[in-house]
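Whatever order the structure lists ligands and atoms in, that order sets their numbers, starting from 1.
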Amino acid sequence: MLKVTKAVFPVAGLGTRFLPATKASPKEMLPIVDKPLIQYAVEEAIAAGITEMIFVTGRSKRAIEDHFDKSYEIEAELEARGKEKLLSLVRSIKPSHVDCFYVRQAEALGLGHAVLCAEKLVGDSPFAVVLADDLLDGKPPVLRQMIDVFDHYHTSVLGVEEIAPDESKSYGVIDGKQWEENIFKLSGIVEKPAPADAPSRYGVVGRYVLKPRIFEHLRALRPGSGGELQLTDAIQSLLHDEQVLAYRYEGARFDCGSKLGYLKATVEFALRHPEVSADFSDYLASRMAELQV
Ligand code: G1P
């Protein structure tokens with residue numbers, strides 16, 4: 001059975017919820033403390049054994065490409081100033097066993113279309129899809145947990161979590177039966193249903209491990225929710241051919257596509273950042289005390 005070694009990162013979205021910050025740079029480059037969202041996502045993929053990173057870019061191509069490229073200027077400067085730690089930090093962004101590929105999504109036609117743009121680079125292998133604005137904090141990393149499920153069952157696996165009923169309009173919502181602890185056998189999936197139409201309380205988070213047959217279904221897609229070509233609809237169609245599982249991951253999720261989720265992630269990661277955690281937690285404590293007055 002083929003190993004999952006490729007991950008697709010759709011990064012062509014406009015990020016309108018973070019304007020003006022995202023006017024000239026992609027939302028995936030927004031930092032949580034000192035690391036951009038896309039780097040958290042790539043690190044999760046590396047920890048899951050992925051060695052080929054495929055970025056589906058839009059107008060945001062430059063910043064992301066530069067981030068994972070060698071920066072001679074910065075490296076020379078840090079070397080000259082004897083900043084060894086920073087130098088190795090910058091050099092470790094893309095380990096040498098990892099390759100990055102870029103493909104352009106010419107038109108923003110939806111997540112399904114973005115994944116389809118990666119077809120030639122993915123070829124006939126199982127692959128992961130990682131949405132960097134869902135920052136997942138799991139031990140082991142969530143994508144690793146999902147690839148373990150894939151390696152065991154050899155079927156596509158969707159990462160899911162329990163959502164509040166009124167949140168269904170923000171998620172792909174699964175229908176299915178619990179099969180084993182934390183694993184559901186899918187019978188259907190709907191993109192962003194109204195609460196009354198949601199088939200379950202489990203919403204898909206931005207992690208997928210897919211078998212290459214999904215491409216046949218992506219090619220046949222018609223516009224769905226929001227007039228876009230939806231990955232969810234291709235998965236619904238894939239269900240006619242093969243089994244798909246949903247996996248309730250272990251860990252925490254920060255929805256960094258929303259301002260509130262982004263701020264929560266910033267606070268959490270600042271509280272555990274070796275450089276600022278102590279001072280930041282003092283600051284938070286004093287701020288909380290003021291707010292309670
Ligand atoms: C996308 C998917 C949706 C999924 C969500 C997870 O929606 O279309 O099925 O539940 O990501 O973050 P988006 O948030 O891009 O609208």
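- Residue contacts with ligand 1: Gly172 is placed with a nitrogen or oxygen under 3.5 Å of a nitrogen or oxygen of the ligand (distance criterion only).
- Annotation for ligand 1: atoms under 4.0 Å from non-hydrogen atoms of Lys192 are 7 (O), 8 (O), 13 (P), 16 (O).
- Taking any N or O of Glu191, backbone or side chain, at least one lies under 3.5 Å from an N or O belonging to ligand 1.
- Under the 3.5 Å distance criterion, with hydrogens and angles disregarded, no donor-acceptor pair is assigned to the side chains of Ser225 and Glu191.
- For NZ of Lys70, the number of neighbouring non-hydrogen atoms (other residues, nucleotides, ligands) closer than 6.0 Å is greater than 12.
- Gln145 and Tyr247 share a side-chain donor-acceptor pair at under 3.5 Å.
- Classified by interplanar angle (parallel below 30°, tilted 30° to 60°, perpendicular above 60°), the ring pair Tyr40/Phe269 is perpendicular.
- Residue Leu131 has at least one heavy-atom neighbour below 4.0 Å for each of these atoms of ligand 1: 11 (O).
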Without placing hydrogens or testing angles, list every side-chain donor-acceptor pair under 3.5 Å for residues 182-190, not counting sequence neighbours.
{"residue": "Ser187", "atom": "OG", "partner": "Asp175", "partner atom": "O", "Å": "3.4"}

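- Each of Leu245, Leu210, Val244 was compared with Thr155 under the side-chain contact (heavy atoms from CB on, under 4.5 Å) criterion, and only Leu245 meets it.
- For atom 12 (O) of ligand 1, the closest non-hydrogen atom on the protein side is Asp134 OD2, 2.7 Å.
- Residue Thr232 approaches ligand 1 through these ligand atoms, each under 4.0 Å from one of its heavy atoms: 9 (O).
- In terms of protein heavy atoms, atom 14 (O) of ligand 1 is closest to Ser170 O, 4.4 Å.
- The shortest heavy-atom distance from Leu231 to ligand 1 is not under 4.0 Å.
- Ligand-side atoms of ligand 1 in range of Gln230: 8 (O), range being under 4.0 angstrom from any heavy atom.
- For the pairing with Leu218, the side-chain contact (heavy atoms from CB on, under 4.5 Å) check across Leu231, Leu229, Leu111 returns one residue only, Leu231.
- At least one N/O-N/O distance between Val204 and ligand 1 falls below 3.5 Å.
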